[in-house]
Amino acid sequence: MHYHAPVTEKVFWIGTNDRKTERFENYLPLPQGVAYNSYLINDEKTCIIDTVEFSTAGLFIEKIEGILKGKKLDYVIVNHMEPDHSGALLDLMKYYPDAKIIGNIITLRMIKAFFHDFDESKFITVKEGDTLDLGHHKLTFAMIPMVHWPESMVTYDITDKILFSNDAFGSFGTLDGGIFDDELNFNFYEDEMRRYYANIVGKFGPQVNTAINKLGGLEIKFICPSHGILWRRDINKVIQHFSNWANFTPEEEGVVIVYGTMYGTTAKMANVIARELSWNGIKNIRVYDASKTDHSFIISDIWKYKGLIIGSAAHNNDVYPPIFTLLHKLENYGLKNRFLGIFGNMLWSGGGVKGIKKFADALPGLEVIAEPVESKGEPTNEDQHKLEAIAKAMAERLIAERN
Ligand SMILES: [Fe+2]
Ligand SMILES: [Fe+2]
């Protein structure tokens with residue numbers, strides 16, 4: 001039993017929806033699931049572009065058999081070797097032992113690292129601009145190194161003008177019925193697309209820009225990524241989103257306040273700042289307890305808004321552990337173009353505020369907009385005024401950017 005999911009006449013979406021896996025890469029929660037998109041071109045020569053994650057390999061093979069109906073599979077293109085796309089490759093090779101595997105020179109090295117007895121005679125090495133003739137369809141390849149692995153590449157169908165972009169332009173969230181942007185409600189996906197970008201590709205903004213510039217010369221009628229929505233009506237929308245995120249350009253005015261608290265004092269301070277931001281005319285305010293909300297959702301909102309205010313209790317002369325995780329990832333990703341406020345709480349030697357200041361010093365693209373506030377135990381009236389001053393300074397800076 002199969003549903004029909006054609007992209008064009010001979011090109012089919014044969015992806016799978018994963019609503020079982022709890023965490024992507026075993027650490028990022030998947031409340032809306034994830035789709036592993038794969039494509040089959042049923043031409044004179046048959047070709048699959050990327051496979052799926054191992055857990056859905058059975059369904060994947062069923063889908064292929066349902067379309068090929070005994071016809072042989074000639075090629076499998078491996079745009080990216082990460083297991084969410086290569087997990088079903090071994091199974092596929094067992095079902096279709098004559099299929100040639102296509103990738104670049106780095107892909108081959110990775111395949112051999114994953115599958116030690118891989119038969120190299122099955123591999124066809126392609127480089128930038130090489131073409132593959134399937135009969136009606138002609139494909140070509142472009143390298144997009146570090147979007148987000150060194151072997152990452154895209155496949156372009158010259159005939160139907162389809163860009164098989166792999167992880168570029170991807171998203172979390174399963175494809176619940178609709179597969180194309182004009183068949184579904186983008187509002188269901190926008191946050192998950194940003195969370196996917198910020199947490200998976202986020203470190204590689206410059207490489208994403210290089211890839212977008214390189215691919216900008218192609219006439220593209222379809223963008224078919226390896227996760228989430230397929231684009232055909234509003235291609236510029238997804239390109240614009242990825243381009244903004246790659247440049248750390250905030251989407252709208254707003255502030256993320258994230259705090260780490262053990263007994264509630266730092267949380268109290270966060271609420272004072274939030275209330276004062278509101279008094280000063282800011283509407284988009286998201287307050288997060290770093291111990292409760294998974295960091296990937298907080299990071300997604302940090303990508304969305306220009307204002308960021310971080311608070312931490314002191315913990316063993318350092319920042320509170322969940323805040324440490326967040327700071328570490330943001331520093332690793334090179335967060336920039338954000339206004340930053342800092343606050344926290346201590347009793348004897350501190351560590352929370354000190355740690356956030358160190359983080360700010362390491363990232364020149366962050367602008368600390370007010371004097372950090374560190375209360376000793378319960379915040380005093382003076383502390384409260386200083387917290388309000390952070391909020392006022394933040395609101396002023398944000399409002400000054402309105403046009
Ligand atoms: Fe990947
Ligand atoms: Fe992926």
Side-chain angles (χ1 to χ4, degrees), residues 13-39 48-57 59-60 76-92 101-104 106-111 113-115 141-155 163-175 179 189 192-208 210-212 215 223-231 238 241-242 245-246 296 299-300 329 332-333:
W13 177 80
I14 52 165
T16 54
N17 283 312
D18 183 354
R19 299 184 183 92
K20 276 188 181 169
T21 301
E22 283 286 336
R23 286 171 187 267
F24 195 77
E25 295 178 354
N26 206 20
Y27 85 116
L28 302 164
L30 289 172
Q32 323 269 353
V34 64
Y36 312 115
N37 295 341
S38 169
Y39 303 92
I48 283 175
I49 298 162
D50 292 317
T51 78
V52 298
E53 206 262 342
F54 178 73
S55 62
T56 60
L59 175 61
F60 177 62
V76 181
I77 295 170
V78 179
N79 279 325
H80 180 30
M81 262 310 281
E82 195 165 9
D84 53 331
H85 309 293
S86 69
L89 188 57
L90 275 188
D91 277 7
L92 194 58
I101 313 300
I102 297 176
N104 58 63
I106 312 172
T107 322
L108 177 61
R109 255 185 260 150
M110 287 195 175
I111 289 185
F114 278 102
F115 315 131
F141 309 95
M143 306 302 140
I144 53 162
M146 298 322 292
V147 181
H148 62 125
W149 274 21
E151 91 298 8
S152 294
M153 64 178 204
V154 297
T155 301
L163 179 68
F164 298 99
S165 62
N166 196 267
D167 279 344
F169 311 120
S171 171
F172 288 140
T174 50
L175 290 168
I179 57 171
Y189 291 89
E192 282 296 83
M193 198 163 121
R194 189 190 320 95
R195 189 167 69 93
Y196 170 89
Y197 178 87
N199 287 280
I200 296 189
V201 194
K203 183 174 171 62
F204 304 107
Q207 290 88 340
V208 172
T210 306
I212 288 174
L215 302 172
I223 291 182
C224 291
S226 58
H227 301 285
I229 308 168
L230 284 57
W231 297 82
V238 67
H241 271 299
F242 267 70
W245 294 330
S296 64
I299 286 182
S300 175
K329 194 156 166 178
N332 180 260
Y333 283 27

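Counting starts at 1 for both ligands and their atoms, following the listed order.
Closest heavy-atom contact between Y333 and K203: CD2-N, 3.8 Å. Of all non-hydrogen atoms in I223 and S165, the two that sit nearest each other are CG2-OG, 3.7 Å.
In the displayed structure, N332 atom CG is contacted under 6.0 Å by more than 12 heavy atoms of other residues, nucleotides or ligands.
The atom of H148 that is an N, O or S and sits closest to the Fe ion (ligand 1) is NE2. Atom OD2 is the N/O/S atom of D84 found closest to the Fe ion (ligand 2).
At a cut-off of 2.8 Å, H80 does not coordinate the Fe ion (ligand 2) through any N, O or S atom. Distance check for E82 against the Fe ion (ligand 1): an N/O/S atom falls below 2.8 Å.
Exactly one residue among I49, L89, D50, I102 makes a side chain to side chain contact (heavy atoms under 4.5 Å, CB included) with V76. That residue is L89.
An angle of 90° is found at the Fe ion (ligand 2) between D167 atom OD1 and H227 atom NE2, rounded to 10°.
Taking the six-membered ring for Trp and thresholds of 30 and 60 degrees, F114 and W149 have nearly parallel ring planes, at less than 30 degrees apart.
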